[in-house]
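What you see is a predicted model, and the numbers here were worked out from it, not measured in a lab. We're numbering straight along the sequence, starting at 1.
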Amino acid sequence: MTNVETLVRDYLETWNETDPARRRALFERVYAADAVYVDPHVAAEGREQIEQFVSAVQARYPGVRFTLHGAIDAHHDQARFTWRAAPEGAREPVAIGFDVVVTEQGRMKRVCGFLDEQPG
């Protein structure tokens, strides 16, 4: 696995990890301290705001797991990939999205998220 593949998989795991201490450790490994995350529902700046949003998503959709859906396309300091979110073992996802990330020194500096399918 390349560094960007590991980073993307760890990023997706930040959405799955429900233990606050383990999630915080993932956040420190994945995100730059001044990272920015934007999607149709939020514009968050810094690890703390991003983590608060992830925690809110987990509370609203308990048991939903985020997984990579297809290949990661990466060059220079950027990557794009599709993910899906579904309860463990479910056939149908509750959401499918597409993220574009910009990295800096091996961490995510900016994440731009797009939702292809989302709950009602």
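- The same ILVMFWY cluster, assembled from side-chain heavy atoms under 4.5 Å apart, contains both Val42 and Val111.
- Interatomic distance, NE2 of His75 versus CD of Gln78, reported as 4.0 Å (0.5 Å rounding).
- A salt bridge is defined here as a Lys NZ or Arg NE, NH1 or NH2 lying under 4.0 Å from an Asp or Glu carboxylate O, and Glu13 with Arg22 fails to meet this definition.
- Between Phe66 and Trp15, the angle of the ring planes lies from 30° to 60°, which puts this pair in the tilted group.
- In the hydrophobic clustering of ILVMFWY residues, with side-chain heavy atoms under 4.5 Å counting as a link, Val54 and Tyr61 come out together.
- Between Thr67 and Leu12, the closest side-chain pair of non-hydrogen atoms is not below 4.5 Å.
- Between the CD atom of Glu104 and the NZ atom of Lys109 there is a distance of 4.5 Å, given to the nearest 0.5 Å.
- The pair Arg29-Asp10 counts as a salt bridge, with a side-chain nitrogen and a carboxylate oxygen less than 4.0 angstrom apart.
- Using a 4.5 Å heavy-atom threshold, the side chains of Tyr11 and Asp99 count as touching.
- Shortest non-hydrogen contact noted between Val64 and Asn16 is O-OD1, 4.0 Å.
- For Glu48, the CD atom sits in a loose shell: 12 or fewer heavy atoms of surrounding residues, nucleotides or ligands are nearer than 6.0 Å.
- A salt bridge does not link Arg47 with Asp34: every distance from a Lys NZ or Arg NE/NH1/NH2 to an Asp or Glu carboxylate oxygen is 4.0 Å or more.
- At least one side-chain heavy atom of Leu7 sits less than 4.5 Å from a side-chain heavy atom of Thr103.
- Legend: residues meeting side-chain contact (heavy atoms from CB on, under 4.5 Å) with Ala79, ordered by chain and number and at least two apart, are Val4, Ile72, Ala74, Val101.
- Gln58 contributes a side-chain N or O that, together with a main-chain N or O of Glu17, makes up a donor-acceptor pair within less than 3.5 Å.
- Residues Arg23 and Ser55 are in side-chain contact: their nearest non-hydrogen atoms beyond the backbone lie under 4.5 Å apart.
- Side-chain contact check for His41 versus Val57: every heavy-atom pair is 4.5 Å or farther apart.
- The line from CD of Gln49 to OH of Tyr37 is 13.5 Å long, rounded to the nearest 0.5 Å.
- Partners of Phe114 by side-chain contact (heavy atoms from CB on, under 4.5 Å), not counting sequence neighbours, listed by chain and number: Phe98, Cys112.
- For Glu45, there are no side chain to side chain donor-acceptor pair (under 3.5 Å) partners at least two apart in sequence or on another chain.
- Under a hydrophobic-cluster definition in which Ile, Leu, Val, Met, Phe, Trp and Tyr are linked whenever side-chain heavy atoms come within less than 4.5 Å, directly or via other members, Ile50 and Val8 are assigned to the same cluster.
- Between Trp83 and Leu68, the closest side-chain pair of non-hydrogen atoms is not below 4.5 Å.
- Not one N or O on the side chain of Arg65 forms a donor-acceptor pair closer than 3.5 Å with the backbone of Glu88.
- The minimum heavy-atom distance between Tyr31 and Arg107, with the atom names listed, is O-CD, 3.2 Å.
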